[in-house]
Each structure stands twice: as structure tokens, then as C-alpha cells.
Amino acid sequence: AIVSRELGIPAIVGTGEATDVLKTGQKVTLSCAEGDEGFIYQGILKYEEAEVNIEDVPETRTRVMMNIASPAAAFRWWRLPCDGIGLARMEFIINNIIKIHPMALIHLDRLKDQEARKTIRKMTALYEDKTEYFVEHLARGIAKIGASQYPEPVIVRMSDFKTNEYADLIGGKEFEPKESNPMLGFRGASRYYSDRYREGFALECKAISRVREEMGLENVLIMIPFCRTLQEADRVLEVLGENGLARGKNGLEVYVMCEIPSNVTLAGKFAERFDGFSIGSNDLTQLILGVDRDSSELADIFDERNEAVKQEISRLLQSARKTNSKVGICGQAPSDYPDFAAFLVQEGIDSISLNPDSVIPVKKRIAEVESNL
């Protein structure tokens, strides 16, 4: 779904029977405009196309930002009236441009998979230092995203693949443990200081440093995903410092995703360690409601607008006000539900990061809400 959004292609996920019902060459229309549920219609249906004058889009006190992963998408959407990028997903660049597991580049001679080793040598033939292939391509991709919004802030989330997704990279299977539940496993912050991935994280840091220090894009900031405990936060910040990305150095801001209940409960203490929070409403909803976000069987239960989720978001915003911490949201909910965006504005959120196609309609809705506050 994320890849489809980046490419501007309609996608309906979890149909259950699409591969049985649809036939090669059959003409159908996919519509994702009716809300939560996608519809597939027989034939090519007519549709209306609306032109919007950007100068008529109202200004808002709440910062409206974008979620971007593809460098190409950043150049496609840069004209939108937004205040930077609230979530730049590093995974898209790694998966679609680099394609090789970073640890396989670092330990190429250790790789037992001969076919993978051959492929990697061919792809990196121009690089004597194979790790430079990873750093150069990652830095170049991030720089394009950063340049598209300069001097507005661009918050790059450090890698947040799950182990099964990392394993699918070329040479990845030998460096990833097999987990029964990767969604709650070895992901996010826990990887960065672990001996299993610490060297790979160092390459990510090197790419960020190159973008900020050599290319001069100091508007590129970083965000740490899935940070479970305060001790984990301290260990990640230490590793960042060891790799030249100390918080505050040359104006570097380090944010943390708020997507685990512990992030809300201990918000005051997380605020002592980071410059602000970005709410990941998908994972936060999953962990508050105990619903696997990937389960089509439970899709009707998974709802970011559930009262339990909204109460936790309100608690976070109250805590953040006490510490003068910035709070944004980069989850899917405000893009899908204008009423949820309105709730966030009423609660005093600082910024809302949206899918590009939602920026203008949601910004208009935010302006309406602000005018009534």
C-alpha cells in the first residue's frame, strides 16, 4: 500500500479473492474514494478531474507537512503548499534503489549464498569499497527529498524494516533471525545498538552526515522509530553520537516516533532525550487495541478513531505542553479521516504530516477548525 501511494497507483489491500475473480486483460476501475473500503468496478468508469488554485488554499497555524518516501515523488509534489516533510521513509530508497542488505555489503566475503554474492559484486562493480554503494545511493536519495523542501524541515526516519522485510533484500537472509511475529520483534531502535545490525546502522548515519555536512542540507533531521524504553533511547542516542550525529550538533534535531504506549506513559522522560514526537497512529492503534494491523480478518476493529487511541493521543499532547515539546503526527489517520485531523487540531497538535493527495483538502479542513477555536 505504501509503495502504491508513492507511485500514485490506486491499491486495494486484503481483497481475499482478487486473483481468482480478476482475469488477465480484464478492464476494471479501482476506486479508493469512498472511505475505508475500496471498490472494484467492472469496466472503465468515467471520473471527474478538479483543478485547484494553490493561491486559494488558506494558511493554517498548524503546520501541514507531507509523508514522502520516493525521491521522484518529492520532486513531483514539491509545489504543494506545505511546511516541509514530516516523514521521509528511508526504506523505500533501500528497497527500491539499493536493494542489497547493508550487512551483506559489509561482510560480503562471509556470504554463503553464492548467487547473492555474484549479484552483489555485479551491482557494485564500480565500488572498491562495497559499503560506499549503500552510502552513496542512500545519501543521494535523501538529498533529493531534502532539497525538494529546502529550507523547510525534512524529517528522515531511520530504517524501520521488520526482519522478514530485511531478509528479502539481496543477501539478507543470512543476517536476519526468523521471527514468528516480526511486527513486534527485532525492529526500529533495538537494531541500531545491536551487534546484529550496528554496523549497518553506521552506514545509515554516514549517509545522513553526508547529506547534512557535505551537501549542506541541514534541514534534514532524523527520527527514531519503535523506541520501547528510556534505556533504549539512551543507547541509540549514544550510537548516533559515535557516528557523528550527536543531537544538537550543527542544529541536528532528533525526534522519536510515538507509537508504543510506553512512549505516552513516559512522555515527559522521553521529552528530556528528544526534540519532539511524531505520532505513528497505525502502530499506536495496533498496540492499544491489540489488533494486528496486517490482519484483514480484524480490519473492521482497527480504527485510529477509537476512543482509547484518542485518549492516549490527548495524554501525549498534555504531557508535551508541560515540557514545551513539539508533537506531530505522520500516521495514516489524518489523511483518511478529516474528522480525525480536526480532533488533532482541537487538541493543539503542532503539525500534521499527510499523504500528498490529502494535503489540500485536509488543510482546508484544518483552517475551518482553527477559525472556530
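Between the Arg198 side chain and the Tyr192 main chain, no donor and acceptor come within less than 3.5 Å of each other.
Closest approach of Arg157 and Leu87 over heavy atoms only: CB-CD1, 3.7 Å.
Under the 3.5 Å distance criterion, with hydrogens and angles disregarded, no donor-acceptor pair is assigned to the side chains of Glu174 and His107. Side-chain N/O atoms of Tyr47 and Thr29 include no donor and acceptor closer than 3.5 Å. A donor-acceptor contact closer than 3.5 angstrom links the side chains of Asp283 and Gln286. Side chain to side chain, Ser314 and Glu347 meet the donor-acceptor criterion of an N or O pair below 3.5 Å.
Between Val362 and Val64 there is no side-chain heavy-atom pair separated by less than 4.5 Å. Residues Phe134 and Thr124 fail the side-chain proximity criterion, which asks for heavy atoms closer than 4.5 Å. Thr285 is not listed as a side-chain neighbour of Val291, based on a closest heavy-atom distance of 4.5 Å or more. Within the 4.5 Å cutoff, side-chain heavy atoms of Arg63 are placed close to those of Glu152. The shortest side-chain heavy-atom distance between Cys205 and Phe201 falls under the 4.5 Å cut-off.
Salt-bridge formation is detected for the pair Arg315/Glu312: a Lys NZ or Arg NE/NH1/NH2 atom is positioned less than 4.0 Å from an Asp or Glu carboxylate oxygen.
Linking ILVMFWY side-chain heavy atoms closer than 4.5 Å, directly or via other members, places Phe277 and Leu284 in a single hydrophobic cluster. Hydrophobic clustering (side-chain heavy atoms under 4.5 Å, transitive across Ile, Leu, Val, Met, Phe, Trp, Tyr) groups Phe161 together with Ile142.
Note that CD of Glu232 and CG of Leu237 are 11.0 Å apart. Values are rounded to the nearest 0.5 Å. Rounding to the nearest 0.5 Å gives a distance of 8.0 Å between CD of Gln149 and CD1 of Ile68. With rounding to the nearest 0.5 angstrom, the CE atom of Met103 is 10.5 Å from the OH atom of Tyr166. The distance from the NZ atom of Lys112 to the CZ atom of Arg117 is 11.0 Å, given to the nearest 0.5 Å. Summarising the geometry, atom OG belonging to Ser209 is positioned 6.5 Å from atom NZ belonging to Lys249; distances are rounded to the nearest 0.5 Å. In this structure, CG in Asp275 is found 8.5 Å from CG in Leu221, a value given to the nearest 0.5 Å.
Within 6.0 Å of atom OH in Tyr150, 12 or fewer heavy atoms from other residues, nucleotides or ligands are found, so the atom counts as exposed in its surroundings.
Note: Phe39 and Tyr41 have parallel aromatic rings, judged against thresholds of 30 and 60 degrees for the angle between ring planes. Between His101 and Tyr197, the two ring planes are perpendicular [angle over 60°; tilted spans 30° to 60°]. Using bins of under 30°, 30° to 60° and over 60° for the plane-to-plane angle, the ring pair His137/Tyr133 lands in the tilted bin.
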